[in-house]
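Data first, discussion second: the structure below is written as structure tokens.
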Amino acid sequence: MTKTIYVKTTGSCNLNCQHCFTGGRNGDRTQFDPQQYGDWIEDYMSKHPRGTQYHLEFHGGEPFLVPLAKLTELADRFFEREGVSMCANSNLTFKITDEILAFIQKYFYGHIGTSWDHWIRWSNQKQFDLWRSNLSMLREHGVCIYLKVSVSRELLNMTADWFIDQIESFGVSEVSLERLTCDGNAKENMDIFPDNEAQDNWYLELYKRYKQRKPNVKIRTLDILEEKLKYNVVAVDTNCRNCEQNLVTMNSNGTLGGCPNVASARKHSRLEEGAAAFLSSEDRVSEIAKELTWGDGCLNCDVFDLCGGDCHRLPWQNGRCGGLKNTLRYLSGRSTQSNLIIKV
Ligand SMILES: C[S@@+](CC[C@H](N)C(=O)[O-])C[C@H]1O[C@@H](n2cnc3c(N)ncnc32)[C@H](O)[C@@H]1O
Ligand code: SF4
Ligand code: SF4
């Protein structure tokens, strides 16, 4: 059992992505208090059985906007503690100092996450070039880069081959695809949302080309989907149906939430109330209940057993879910067009 703790060092950012659920540069500018965060995390850990694993993900806003000494103070407290891992997701669109590089090397064992959301992230070529040169610099220093890609309407206009060429050219180790939720800046930019049916079909096309081309970069989202179908555990621990049970998002203003996409707007409790108040908060329990119940659209769906209902925050469009219905039909061999790649 792994509990992920999103350690938001601040809610604000140097960028202003169109989809940003924390509100980009207008996000909360408070900086986190490492002592208070550390105390709360210890308390939270004390409420879980021995053997529980914890992952601390430095997050934001932009996590590295805050003085590195603060990140180091918290990281030092949990570094090399049994069952605890740490990493960060950063926009990497700023000058990466030797100190930041050394921090990544030491505390994250040379791993870092970043995002490439081509049309909805950077506002000019200079920012994009800075990101790319940082990627090259980090790779030269042996840093392993995990890439997240938000699936926007613009992206769906691009072919699967174009997409694979791009991610290969970045020299990253792994890629995850992220579907957009309607939070923060995204609410003001509804035109970035893809059509759900088209999104599903794009995933399917990408899957097919991925299997044919076998690129040097892993598309983790597709690998996981395939693995789960192979072992018939798709509805287990998947599609954000147990996020609220396993996630904590710590906001720098002292509030605590679950799913990071809504945590800046919706709090379960506050740091000073302690971990017990968070775990039993009414708001948290009501969110967990939403993850454990489904509407008729899902209950009558032919791939419900494979999908599990998907993330309930993904917007439905005219009765069409944001899930991967066609992709699952194909992969499971339920569609006549399937080549039964996965069927065992
Ligand atoms: C909020 S950012 C914080 C870390 C860092 N600033 C970055 O962008 O990588 C964390 C991740 O959330 C993604 N994200 C932001 N808004 C989103 C939304 N509305 N739906 C889905 N993912 C979103 C970003 O693309 C990024 O991968
Ligand atoms: S998604 Fe990340 S980089 Fe973009 S504005 Fe939000 S916090 Fe900043
Ligand atoms: S594919 Fe869509 S309708 Fe079917 S179970 Fe998943 S989310 Fe629900």
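What you see below is based on every heavy atom in this structure, not just the backbone, and it leaves out hydrogens, waters and symmetry mates. Predicted model only: the values in this text are computed from it and were never measured. Order of appearance sets the numbers: ligands from 1, and atoms from 1 within every ligand.
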Please work out whether any backbone atom (N, CA, C, O) or any side-chain heavy atom from C-beta onward of [X] is under 4.0 Å from ligand 1, and answer side chain, backbone, both or neither.
X	value
H59	side chain
T114	neither
S90	backbone
N261	side chain
K148	side chain

What residue and atom, counting heavy atoms only, is the protein's closest point to [atom], and at what distance?
atom	value
atom 6 (Fe) of ligand 3	C307 SG, 2.3 Å
atom 2 (Fe) of ligand 2	R121 NH2, 4.0 Å
atom 6 (N) of ligand 1	G61 O, 3.0 Å
atom 18 (C) of ligand 1	H19 O, 3.4 Å
atom 8 (Fe) of ligand 2	C13 SG, 2.2 Å
atom 17 (C) of ligand 1	F21 CD2, 3.2 Å
atom 7 (S) of ligand 3	G309 O, 3.3 Å
atom 27 (O) of ligand 1	S115 OG, 2.5 Å
atom 5 (S) of ligand 2	C17 N, 3.3 Å

In terms of side-chain heavy atoms, does [X] have a donor or acceptor partner in [Y] at a distance below 3.5 Å?
X	Y	result
Y210	D223	yes
Q125	D129	yes
R209	Q212	yes
E282	S286	no
Q31	T9	no
D76	Y107	yes

* Does C13 come within less than 4.0 Å of ligand 1, judged by its heavy atoms? -> no
* So is N89 close enough to ligand 1, meaning a heavy atom under 4.0 angstrom away? -> yes
* Structure fact -> salt bridge (charged side-chain N to carboxylate O under 4.0 Å, His left out) with D283: of K267, R266, K290, only one passes, and it is R266
* Say whether, by atom type as modelled, one donor and one acceptor occur between the side chain of S332 and the main chain of L328 under 3.5 angstrom. => yes
* To do: Ignoring hydrogens and angles, tell me if any N or O in the side chain of E273 forms a donor-acceptor pair with the backbone of R270 under 3.5 Å.
  => yes
* Structure fact -> Given the options N189, D117, T181, H19 meets side-chain contact (heavy atoms from CB on, under 4.5 Å) only with D117
* Structure fact -> ligand 2 to G24, heavy atom cutoff 4.0 Å, flagged ligand atoms 5 (S)
* Asked: Is there any N or O on D183 that sits under 3.5 Å from an N or O of ligand 1?
  -> no
* Can you find an N or O of D117 that's nearer than 3.5 Å to an N or O of ligand 1? -> yes
* Asked: In terms of atom number and element, which parts of ligand 1 are under 4.0 angstrom from non-hydrogen atoms of S150?
  -> 25 (O)
* **Numbering as shown, the atoms of ligand 1 that approach L180 to under 4.0 Å (heavy-atom distance)** => 20 (N), 21 (C)
* Structure fact -> atom 4 (Fe) of ligand 3: of C311, G297, C321, C301, the nearest heavy atom sits on C301
